[in-house]
Amino acid sequence: MERRRSVLLLPGQGAQRERMAAGLYEAREEFTAPMDEFFGRLGTTGARLRSAWLRPAPNPELDESAVAQPLLLAVGHALGRAVGAAAEPPALLLGHSVGELAAACLAGVFDPADIGALAAARSRSLEGTGYGGMLAVAASEGQLAEELGGFGGRPTVGADGLAVGADGAAVAGVTAAGVADARVAVGTAFAGVAVAALNGPRQTVLAGPREALAAVEQHLRDRGFLVRALRSGHAFHSPAMEGAALRFAEALAAFGPRAPRAAAGTVVSTRTGVAVTAEQARDPHFWGGQLAAPVRYWPALRELLDTLGRRPGLLLLDGSADRSLSAPARHHPAVRDGASEVVPLLAVGRDAGGPADARVFAEALHRLGEQRDHTGDHTVVS
């Protein structure tokens with residue numbers, strides 16, 4: 001009998017929570033060790049991040065990108081390390097925003113010892129640019145395009161993965177990952193606002209300058225849409241981040257990105273919807289450009305469920321502290337009929353960040369163990 005593939009889902013900006021996964025700290029050595037290494041390599045900055053991470057709610061400091069982004073990267077990486085050490089490395093890695101960088105570290109694209117330096121480089125690239133906000137809307141991309149007057153400025157993406165301008169030429173040699181591809185036409189009251197993420201069939205995130213985003217929010221509320229501001233002081237995955245994306249790519253070149261290790265899990269891109277190639281993995285612009293490119297998380301997850309959800313099925317390991325990553329999957333036919341399964345890694349609600357984290361994590365490991373016991377050592381390689 002073929003074994004279900006495990007898919008580790010890792011969160012990004014907006015999904016951070018006070019004490020996210022903190023209940024595993026000092027309770028599971030395989031999680032504690034990489035977290036301590038991360039904090040230790042950052043010195044006094046690491047000590048401040050550790051304090052911010054362990055502080056209970058409410059903690060407005062966690063809204064700061066310079067705090068949330070490094071912690072999301074570190075926690076995502078440590079969760080993956082803990083699953084791999086206690087059970088086995090996930091077969092597939094799907095990260096949302098900075099979660100994709102954590103997935104790249106787990107797959108060996110970047111050295112785990114460089115996690116702290118990577119986080120610091122990402123934070124430096126944000127300095128002085130990209131300020132704004134992010135807005136979650138209960139609507140599809142098509143609905144919003146109609147409501148807001150259409151999204152213009154879309155570059156075409158060639159077969160080689162390069163963004164192609166109106167004249168047919170590659171845009172400064174930057175991969176499609178480095179160019180935001182869904183923005184409101186200039187000249188409207190909403191100029192600069194972009195589709196930043198597709199998180200579900202009717203879960204779209206917009207990003208842009210504060211003033212324009214506020215106008216969008218009021219317009220959508222007046223039209224009866226449910227909207228919610230996300231915890232971000234930057235307009236991630238929008239045109240406002242293009243300068244930061246280039247700076248981060250330049251910094252990443254010094255880390256010498258490598259092709260993923262075959263045994264470490266396959267990183268599925270939330271831009272292409274397919275596995276990251278060796279060529280893409282070695283290109284710092286592929287990872288740096290993520291800051292300005294929209295996150296097509298749901299299309300990527302849906303493609304996995306459409307193609308592998310029933311043969312032999314998937315175990316979706318949700319690493320988010322609010323279980324938002326697996327929420328849209330629960331409505332997919334492959335999950336509804338039991339062929340694929342959602343397996344939370346962390347507690348939620350009042351129990352989040354406390355001893356219940358260790359209990360939920362242990363239950364997930366037990367489920368992974370049952371999977372091995374029932375299917376033997378046969379895995380799917382197609």
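- For the pair R271 (side chain) and F286 (backbone), a donor-acceptor distance under 3.5 Å is present.
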Subject >> Stepwise side chain to side chain donor-acceptor pair (under 3.5 Å) check, Y25 with D357 >> reply: CA-CA 9 Å; Y25 191 58; D357 276 343; over 6 Å; no
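- Classification of the W298-H332 ring pair by plane angle, with boundaries at 30° and 60°, yields perpendicular.
- Within the model, atoms CD of Q69 and OG of S97 stand 5.5 Å from one another, a figure rounded to the nearest 0.5 Å.
- Ring pair Y297/H96 is tilted by interplanar angle, where 30° to 60° counts as tilted.
- Within 6.0 Å of CZ in R310 there are more than 12 heavy atoms belonging to other residues, nucleotides or ligands.
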**OP:** Starting from the C-alpha separation in whole Å, work towards a yes-or-no answer on salt bridge (charged side-chain N to carboxylate O under 4.0 Å, His left out) for R223 and E147.
**Re:** CA-CA 9 Å; R223 299 285 289 178; E147 192 64 41; 2.6 Å; yes
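- In this structure, V274 is not a member of the same hydrophobic cluster as L94, with clusters built from ILVMFWY side-chain heavy atoms closer than 4.5 Å.
- Centroid-to-centroid, the aromatic rings of H219 and F225 stay 6.0 Å apart or farther.
- Taking the six-membered ring for Trp, W53 and F39 have ring centres closer than 6.0 Å.
- Of the options M241, R122, Q290, H285, a side-chain contact (heavy atoms from CB on, under 4.5 Å) to F248 is made by R122 and by none of the others.
- Atom NE2 of H237 is separated from atom CG of L291 by 7.0 Å, given to the nearest 0.5 angstrom.
- Screening L24, L317, V360, L365 for a side-chain contact (heavy atoms from CB on, under 4.5 Å) with L345, the sole residue that qualifies is L317.
- Sorted pairs that involve residues 110-119 and meet side chain to side chain donor-acceptor pair (under 3.5 Å), not counting sequence neighbours, are lacking altogether.
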